[in-house]
Each structure stands twice: as structure tokens, then as C-alpha cells.
Asker: 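After the C-alpha cells below, expect a handful of questions from me.
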Amino acid sequence: MKASKTVEQNGTNLEILFVGRSNVGKSSLIKELFGAKVRVGKRPGVTLRPFHVQLSDLLVTDMPGFGFMSGVKDRKQDIVKDKIVHYIENNAERIKLGVLVIDGPFFPDVVDRWDARDQIPIDIEMFDFLREVGIDTLIAANKMDKVKENEYDPLLDEIAARLGLEPPWENWKHLIAPISVKKGELKPLKSLLKDRLHEMKRDDLFKYI
Ligand code: GDP
């Protein structure tokens, strides 16, 4: 059990890949999920390299954040996207699960802003790409602590719709996990991760989640 910056290819049978726009809380989430079990070091601000946590034969990979990054030029963002796509293509066989982390309350606006420019938002592109290459992909809708109780379901419906998943969002509870890393409310995601590990007959890995 250790965190490292280099891929520990040896003995990895399955990999869970975390992707998401910068600032959605992806690294906080990984720290919260696996930080107690491993030493998750501080990452340099902007990195193009994936960050790995090895938990017996399970590799957890945090891909570089895509989309807006302060001080980073557009071209660098394309490089980030290409790197992620290549990484996925090269490791598709062992990547059994993807987790797309989004900023829940912010997501519909982000998507609409791209739509207005006739561009496909990178989140959607990545979600579609992961599924196209056959990777079962969950959506972790983070920062739900910012949402009032009566806005909770309507927001999740909007998120589902923008991902091409016809509302109501409850129909997609096997894919969409509303969470709040800030409040430590990760249960919906943990339970989906465990469902998938169970389907893979890997209940032995529950101890890490
Ligand atoms: P990353 O760039 O996706 O790895 O995002 P970070 O983990 O660095 O988090 C970005 C910012 O979002 C930080 O200021 C976090 O404190 C904040 N954040 C993370 N999770 C939550 C959450 O569940 N709720 C709220 N309100 N803020 C969060």
C-alpha cells in the first residue's frame, strides 16, 4: 500500500480512473476516499502526470484536471486532454471503472456556456469517450452541500439531462452519485464503487473503500 508518482504496473489487475475538470474537488475526494489507507502526498499545482495509489492489485489513478486552469494556456489544456485520451487508450483493458467528478451546482452552467459556443464540453466528451471504449463510468456530483434541499432533485435532473441520461435522475442512480467531500458525505459513491467491485467478485477490496 503506497502512493507513488510512477505507475506500479506490477501486479495491477484492475484500475479505477478519476477524471474531472480542475477545481471540482477531485483530489480532495481521492484523499478522503483513500487517504486514510495510504500516504497521499501534496501534488504540485499543475501537473500533466497521472497520480497513482496502489491498493494491493487495485490501481487508483487521478488524471490531471482538465478545462480551465488559472495561468495555463489553452494549448496546454489540449495537451492535457490528449494525454488523458492516450492514457485511457493504452490502459483500457485494465481500467474497469471510471469516475467523472463534476462540480454539481456549477455543471449545468458550464455545459450551457460551451453549448452556446457550439462546442462539446470536455466533461461530456470525456464521459462519452470512456463509455465508447467500454469503461463503465460513474458520475460523482460533488459540492452538493451548496444546494438547498428543494433544489437538489431538479439540479440532478439537469445534470442527468446534460449527460444524455433522460431525467428523472433517480433512473440513473446506478451511475450518478451526489456527494459532498466537504461534509464527508460520500456514501452514494462508496456504495456504487462497492456494487461494481462486487460484480467483479472483488469484495476483498471493500476494505479500501
Ligand atoms: P481538484 O482541482 O478537482 O483536485 O479540486 P480540489 O480537491 O483541489 O478542490 C477544489 C476546491 O473545492 C477546494 O477549495 C476545496 O476545498 C473545494 N471543495 C472540494 N470538495 C467540496 C465540497 O464537497 N463542497 C464544497 N463546497 N467545496 C468543496
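Both ligands and their constituent atoms are indexed starting at 1 by order of listing.
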Asker: Would you say I179 and ligand 1 have an N/O pair spaced under 3.5 Å apart?
Answerer: no
Asker: Tell me, please: is G20 in heavy-atom contact with ligand 1, that is, under 4.0 Å?
Answerer: no
Asker: Would you mind checking which non-hydrogen protein atom is closest to atom 15 (C) of ligand 1, with the distance to 0.1 Å?
Answerer: S28 OG, 4.3 Å
Asker: Considering only non-hydrogen protein atoms, determine which one is nearest to atom 12 (O) of ligand 1 and report residue, atom name and distance to 0.1 Å.
Answerer: K143 NZ, 3.0 Å
Asker: For the atom pair OH (Y208) and OG (S56), what is the distance rounded to the nearest 0.5 Å?
Answerer: 4.0 Å
Asker: Does the D157 side chain pair with the main chain of W169, one donor and one acceptor, at a distance under 3.5 Å?
Answerer: yes
Asker: Work out whether the distance between some heavy atom of G65 and some atom of ligand 1 is less than 4.0 Å.
Answerer: no
Asker: Could you check whether atom 25 (C) of ligand 1 has a protein contact, counting only heavy atoms that fall below 4.0 angstrom?
Answerer: yes
Asker: Could you measure the distance from the CD1 atom of I176 to the CG atom of L189? Nearest 0.5 Å is fine.
Answerer: 12.5 Å
Asker: What is the nearest protein non-hydrogen atom to atom 19 (C) of ligand 1, stated with its residue, atom name and distance?
Answerer: G25 CA, 3.8 Å
Asker: Could you tell me which atoms of ligand 1, counted from 1 in the order shown, lie closer than 4.0 angstrom to a heavy atom of N142?
Answerer: 19 (C), 20 (N), 21 (C), 22 (C), 23 (O)
Asker: Can you list every pair that meets salt bridge (Lys or Arg N to Asp or Glu O under 4.0 Å) and has a residue in residues 112-122, with sequence neighbours left out?
Answerer: D112-R162
Asker: I'd like to check whether K183 has a polar contact with ligand 1, where a contact means an N/O of the residue lying under 3.5 Å from an N/O of the ligand.
Answerer: no
Asker: Should you measure from each heavy atom of D145, which atoms of ligand 1 turn up under 4.0 Å away?
Answerer: 22 (C), 23 (O), 24 (N), 25 (C), 26 (N)
Asker: Looking at K146, which atoms of ligand 1 are within less than 4.0 Å of one of its heavy atoms?
Answerer: 26 (N)
Asker: Could you state the interatomic distance from CZ (R21) to CG (D123), rounded to the nearest 0.5 Å?
Answerer: 4.0 Å
Asker: Using 0.5 Å steps for rounding, measure from the CG atom of L17 to the CD1 atom of I88.
Answerer: 5.5 Å
Asker: Under a 4.0 Å threshold between the charged nitrogen and the carboxylate oxygen, would K26 count as salt-bridged to D103?
Answerer: no
Asker: Can you tell me how far CG of N142 sits from CG of N23, rounded to the nearest 0.5 angstrom?
Answerer: 10.5 Å
Asker: If you measure from CD1 on I16 to CG on L59, what distance do you get to the nearest 0.5 Å?
Answerer: 9.5 Å
Asker: What residue and atom, counting heavy atoms only, is the protein's closest point to atom 8 (O) of ligand 1, and at what distance?
Answerer: S27 OG, 3.6 Å
Asker: May I ask you to identify the nearest protein heavy atom to atom 14 (O) of ligand 1, giving residue, atom name and distance to one decimal place in Å?
Answerer: N23 OD1, 5.0 Å
